[in-house]
There are 2 protein chains.
Amino acid sequence: MNNKENFIKKLRSSGLRPTRQRIEICKALYDRKKTFHFTIDDLNKILRKKSKEKISLATIYNTVYAFKNKNYLKEISLNTNKTYFDTNVSNHHHFLDENSNRLIDLKNSDVGKVKIKRKIPGKKIKSIEILVRISD
Amino acid sequence: MNNKENFIKKLRSSGLRPTRQRIEICKALYDRKKTFHFTIDDLNKILRKKSKEKISLATIYNTVYAFKNKNYLKEISLNTNKTYFDTNVSNHHHFLDENSNRLIDLKNSDVGKVKIKRKIPGKKIKSIEILVRISD
DNA sequence: AGATACTTTATAATGATTCTAAAGTAGTGT
DNA sequence: ACACTACTTTAGAATCATTATAAAGTATCT
C-alpha cells in the first residue's frame, strides 16, 4: 500500500468500501517508511492535524478494528490502559523502552530461534510473542 | 509464605501493617500449590466466598498494587480489558489458551535460551517475556 | 435515478480503574 | 491501659477507554 489508488484497491478487494474516512486513515497509517505503533488516541490526534474534516472517534475505532480483522493491523500485548496497534503485521517482536514507553520493532531475525519444550495436549501453538523491556 | 504467622511477618518486614484485609488477601493468593493467575474481579469473588466480612474493592486494588510494588505479585502483559496478575514472580513465561482465555505457566527451563541479537545504544535489557498463544 | 446495504456519526452506556475524604485501626510511647 | 499519630480501609464519585445505539449519510448496483 503506498498511494490513494492502491488504498482504494486494497479496501475494495477486502470488501470494505473506500470511504473518505477509510482512505484518510490508510494514509495516516501506511504512508510511512517505518512501521508505526499507536493507540486510538494517537491516531485520532494525527488525523485531526492532517485535515480539517473531522473523523469521528467511533469511526476510528470501527476502522482500526476492521483493519485488524483484515490483518492490516496487529494488536500488541502490553499492560497499559490503552490498546496498542502495529502496522507491521509480519511475525516479529518488540522492545519496550520503559523510560519513554516507546515500542521498537525487533525483526524475527534479531531473535534467535525460540524453542518451546513443553506441549499442552490437544493444543497447537498459534503465535509466539516476545516483549523485551529495556531502560537506561 | 504459607501460613498466617508467616504472612504477618512478611507484611511487617516489608513495611505493610498486617491488617485483617491484607492477611485474608495473602491467604487467598498464597495458600495454594500452583501459581495463581487472576484479575481484581476474580480475587474479589474469591474473597467474597471465603468470608462474610467484606473487603472493599478499593482495598483489593490498593493491596494488589502494594504487593506488586513489593514484588510479591507480577503484572502480566495481555491485550484484554482487565489487568492480570501472577503469584509467580520468578522469571518465567506463559501459554495463553485462546479458547478458554486461561494462562498456563511456562518455566524458564521449558523455553530454550532466547538470544536477542540487536542492541539499543544506552539501553539495558530489563526482562524478556514470552507469550505463546495456543488453541485447539 | 432509485433501492439497498454498508458507513459514519453524535451521543449514551458500560466497565475497569483511580480518586477522595471521612471513619477506622495498628504501632509507639507514656 | 491510654492517647497520639500515621497508616488503612471504605463507600461513593470521578475518570477514561471502549462499545453500543440508532438516526442520517453514502457507495454500489441495476
Side-chain angles (χ1 to χ4, degrees), chain A residues 4-5 7-28 37-48 51-70 72-73 75-85 101, chain B residues 4-5 7-28 37-48 51-70 72-73 75-85 101:
Chain A
K4 188 165 168 179
E5 279 313 307
F7 293 146
I8 291 177
K9 265 186 217 158
K10 192 87 180 180
L11 287 167
R12 277 225 182 77
S13 76
S14 41
L16 296 171
R17 289 183 180 171
T19 61
R20 170 181 73 79
Q21 293 86 342
R22 285 177 178 157
I23 293 166
E24 272 187 43
I25 291 174
C26 280
K27 285 187 201 161
H37 303 114
F38 65 97
T39 63
I40 296 287
D41 186 54
D42 295 334
L43 181 55
N44 189 27
K45 282 180 185 146
I46 289 167
L47 291 167
R48 273 170 199 286
S51 84
K52 48 228 96 164
E53 321 224 20
K54 190 195 164 197
I55 299 179
S56 127
L57 193 56
T59 299
I60 300 177
Y61 272 97
N62 289 342
T63 304
V64 164
Y65 282 97
F67 286 5
K68 186 195 156 192
N69 287 335
K70 294 298 180 186
Y72 301 155
L73 287 174
E75 205 175 325
I76 303 175
S77 299
L78 294 177
N79 39 15
T80 52
N81 51 337
K82 297 183 193 176
T83 303
Y84 276 80
F85 297 90
N101 236 47
Chain B
K4 188 166 168 178
E5 279 314 307
F7 293 146
I8 292 176
K9 265 186 217 159
K10 193 87 181 181
L11 287 168
R12 276 224 182 78
S13 76
S14 41
L16 296 170
R17 290 184 180 172
T19 61
R20 171 181 73 78
Q21 292 86 341
R22 286 177 178 158
I23 294 165
E24 272 187 46
I25 291 174
C26 280
K27 285 186 201 162
H37 304 113
F38 65 97
T39 64
I40 296 286
D41 186 54
D42 295 334
L43 181 55
N44 188 27
K45 281 180 186 148
I46 289 168
L47 290 167
R48 274 170 199 286
S51 84
K52 49 230 95 167
E53 321 224 21
K54 190 195 164 195
I55 299 178
S56 126
L57 194 55
T59 300
I60 300 177
Y61 273 97
N62 289 342
T63 304
V64 164
Y65 282 96
F67 285 6
K68 185 196 155 189
N69 287 336
K70 295 297 180 185
Y72 301 156
L73 286 175
E75 204 174 325
I76 303 175
S77 300
L78 295 177
N79 40 15
T80 52
N81 52 337
K82 297 184 194 175
T83 303
Y84 276 79
F85 298 90
N101 237 48

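Chain A is the first sequence line, chain B the second, and so forth, proteins listed ahead of strands; every chain is numbered from 1.
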Q.
Determine whether B:Arg20 and B:Glu24 satisfy the following criterion, salt bridge (Lys or Arg N to Asp or Glu O under 4.0 Å), listing intermediate values before the conclusion.
A. CA-CA 6 Å; B:Arg20 171 181 73 78; B:Glu24 272 187 46; 2.9 Å; yes
Q | Atom-to-atom span, OH of B:Tyr65 to P of D:dT9 - whole angstrom | A | 16 Å
(Q) Measuring from atom CD1 of A:Ile55 to atom CG of A:Leu47, what distance do you get when rounded to the nearest 0.5 angstrom? (A) 5.0 Å
Q. Out of C:dA26, D:dT10, D:dA11, which nucleotide sits closest to the side chain of B:Lys54?
A. D:dA11
Q. Under 4.0 Å between a side-chain N/O of A:Thr39 and OP1 or OP2 of D:dA17, yes or no?
A. no
(Q) What's the separation between atom OH in B:Tyr72 and atom SG in B:Cys26, rounded to the nearest 0.5 Å? (A) 8.5 Å
(Q) Distance check needed: D:dT26 P versus A:Arg22 CZ, whole Å only. (A) 14 Å
Q) To the nearest angstrom, how far is B:Glu75 atom CD from C:dT17 atom C1'? A) 12 Å
Q. Of all the nucleotides listed (C:dG27, C:dC19, C:dT7), which has the minimum atom distance to the side chain of A:Arg17?
A. C:dT7
Q.
Whole angstroms only, please: what is the CD1-P distance between A:Ile55 and C:dA10?
A. 11 Å
(Q) Measuring from the side chain of B:Thr63 (C-beta onward, heavy atoms only), which nucleotide among D:dT10, D:dT9, C:dT9 has the closest atom? (A) D:dT9
Q. Among the nucleotides D:dT19, D:dA11, C:dA16, which one has an atom lying closest to any side-chain atom of B:Tyr61?
A. C:dA16
Q) Rounded to whole angstrom units, what separation is found between the CG atom of B:Leu43 and the C1' atom of C:dT17? A) 15 Å
Q | Length of the line joining B:Ile23:CD1 and D:dT8:C1', which is rounded to integer Å | A | 13 Å
Q. Closer than 4.0 Å, any side-chain N/O of A:Arg20 to the OP1 or OP2 of C:dT9?
A. yes
**Q.** Protein-nucleotide distance (A:Leu11, atom CG; C:dC6, atom P), rounded to Å
**A.** 16 Å
Q) Heavy atoms under 4.0 Å, any strand shown: does A:Asn62 hit a base, just sugar-phosphate, or nothing? A) base
Q. What nucleotide among D:dT10, C:dT11, C:dA16 has an atom nearest to a side-chain atom of B:Thr59?
A. D:dT10
**Q.** Gap between atom CG of A:Leu11 and atom CD1 of A:Ile25 - 0.5 Å precision
**A.** 10.0 Å
(Q) Here's a test of your reading of the structure: between B:Asn81 and A:Leu57, which maps to the more 5' nucleotide of DNA chain C? (A) A:Leu57
Q) Between B:Gln21 and D:dT10, does any side-chain N or O lie under 4.0 Å from OP1 or OP2? A) yes
(Q) Are A:Tyr65 and A:Phe85 an aromatic pair, judged by ring center distance below 6.0 Å? (A) yes
Q.
Check this one for me: any side-chain N or O of B:Thr19 less than 4.0 Å away from OP1 or OP2 of D:dT9?
A. yes
Q: Starting from C1' on C:dT7, measure out to CG on A:Asn69 and report it in whole angstrom.
A: 16 Å
